[in-house]
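Remember, it's 1-based here, ligands and their atoms both numbered in the order they're listed.
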Amino acid sequence: MPYPLSQLIQAIDSNIEQHADEVAELDRVIGDGDHVTNLQRGIAALEDITAELDELDWSPALMKIGMTLMSTMGGASGSLFGTLFLSMSKAAKGQMFTATAFSDVFYQGVEAVKQRGKADLGEKTMLDTLIPVANRLKEDVTNGTEFEQLLTNLSEHAITGMKSTKDMIATKGRASFLGERAIGHIDAGARTSQLMICTITAVLTQQKP
Ligand code: ADP
Ligand code: MG
């Protein structure tokens, strides 16, 4: 990986920690309240292996991340985030890390989450953040968008996608039990996905040589 995973994981850890109460409340209102603790358990397990992760090429690193999240997080989000990274690892296998390769790999990871969760855009889940970001990343890399602009675009798409869940009825996950009562509340997984993506884009913007 061109940037140390340890730095990205630490930055994500601290941003999720800063928003932990807010995310817990989001999942309490339309879920069961455990999303942020599930995620923080997964991130803590990644913190324990950052030295090892920094030594690995991207495909095995993504594999290790996926396996760690799968085995520590729990909840619907544990298997979905686990699937994202395991599928990215599979797609990255044997490829050099380039912008084009990464955009394809991320796209395929998000496709695998769609399949695993039997969900798509507009169902009030993490996918409402992940899909617009995957699409935009592919588009910008294909068009040769300048790096800093690309990072800005991805943050904007993550935020717009996350916010779009507010007015949706959920058709997947626990929030689907609430029907119309879920309207007016942002989905917790869409929010944490956006926070993580925006942390990464912020770190990469700062680290630009
Ligand atoms: P649980 O719902 O088992 O308590 P979490 O609270 O950790 O698990 O995660 C809930 C989040 O998982 C939701 O906010 C939503 O973003 C995401 N989610 C739930 N079901 C699906 C699904 N079928 N497809 C995509 N994302 C989903
Ligand atoms: Mg929950």
Test side chain to side chain contact (heavy atoms under 4.5 Å, CB included) applied to Val36 and His19, step by step: CA-CA 9 Å; Val36 83; His19 293 88; over 6 Å; no
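Ring geometry, Phe81 versus His35: the interplanar angle falls from 30° to 60°, so the pair is classed tilted.
In this structure, Thr152 contributes its side chain and Glu148 its backbone to a donor-acceptor pair below 3.5 Å. Between the side chain of Asp54 and the backbone N or O of Pro4 there is no donor-acceptor pair closer than 3.5 Å. A donor-acceptor pair is defined here as one N or O able to donate and one able to accept, closer than 3.5 Å; no such pair exists between the side chain of Asp13 and the backbone of Ile9. A donor-acceptor pair under 3.5 Å is absent between the side-chain atoms of Thr145 and the main chain of Val141, judged by distance alone. With hydrogens and angles ignored, the 3.5 Å screen pairs a side-chain donor or acceptor of Arg41 with a backbone N or O of Thr72. For Ser59 (side chain) and Ser89 (main-chain N/O), a donor-acceptor pair under 3.5 Å exists by modelled atom type. At least one donor-acceptor pair closer than 3.5 Å links the side chain of Asp128 to the backbone N or O of Gly122. For the pair Asp27 (side chain) and Asp34 (backbone), a donor-acceptor distance under 3.5 Å is present.
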Show me the donor-acceptor pairs within less than 3.5 Å that the side chains of residues 178-187 make with the rest of the protein, sequence neighbours left out.
unit_1	atom_1	unit_2	atom_2	d
Asp187	OD2	Met126	N	3.4
Asp187	OD2	Gly189	N	3.1
Asp187	OD2	Ala190	N	2.8

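Under 4.0 Å from ligand 1, heavy atoms of Thr125 appear from its side chain as well as its backbone. Only the side chain of Arg174 comes within contact range of ligand 1, with a heavy atom under 4.0 Å; no backbone atom does. In Ala119, the part holding a heavy atom less than 4.0 Å from any atom of ligand 1 is the side chain.
The atoms of ligand 1 that sit less than 4.0 Å from any heavy atom of Gly189 are 14 (O), 16 (O). When each atom of ligand 1 is checked for a heavy atom of Lys172 under 4.0 Å away, the hits are 23 (N). For ligand 1, the atoms sitting less than 4.0 Å from at least one non-hydrogen atom of Asp27 are 6 (O), numbered in the order shown with element in parentheses. Proximity to Gly75 (heavy-atom distance under 4.0 Å) selects the following atoms of ligand 1: 3 (O), 8 (O). When each atom of ligand 1 is checked for a heavy atom of Ala76 under 4.0 Å away, the hits are 1 (P), 2 (O), 3 (O), 8 (O), 19 (C).
From the protein, the heavy atom lying nearest to atom 10 (C) of ligand 1 is His35 ND1, 4.1 Å. Here the heavy atom of the protein found nearest to atom 13 (C) of ligand 1 is Asp187 OD1, 3.4 Å. The protein heavy-atom contact nearest to atom 6 (O) of ligand 1 is Asp34 OD1, 3.0 Å. The closest protein non-hydrogen atom to atom 17 (C) of ligand 1 is Met126 CE, 3.9 Å. Atom 20 (N) of ligand 1 has as its closest protein heavy atom Gly173 CA, 3.6 Å. Residue, atom and distance of the protein heavy atom nearest to atom 23 (N) of ligand 1 are Gly117 O, 2.9 Å.
A salt bridge links Glu22 to Arg191: one of the charged nitrogens lies within less than 4.0 Å of a carboxylate oxygen.
The shortest N or O to N or O distance between Asp32 and ligand 1 is below 3.5 Å. The shortest N/O to N/O separation between Lys118 and ligand 1 does not fall below 3.5 Å. Between Val113 and ligand 1, no N or O atom pair is found at a separation short of 3.5 Å. On a distance-only criterion, Ser77 and ligand 1 share at least one N/O pair closer than 3.5 Å.
Between the CG atom in Asn15 and the CD atom in Gln194 there is a gap of 8.5 Å [rounded to 0.5 Å].
Residue contact annotation: Ala188 has a non-hydrogen atom under 4.0 Å from ligand 1.
When Thr83, Leu80, Leu39 are checked for heavy-atom proximity to atom 21 (C) of ligand 1, Leu80 turns out nearest.
Rounded to 10°, the angle formed at the Mg ion (ligand 2) by Asp32 OD1 and Asp34 OD1 is 80°.
The minimum distance between the Mg ion (ligand 2) and any N, O or S atom of Asp27 involves atom OD2.
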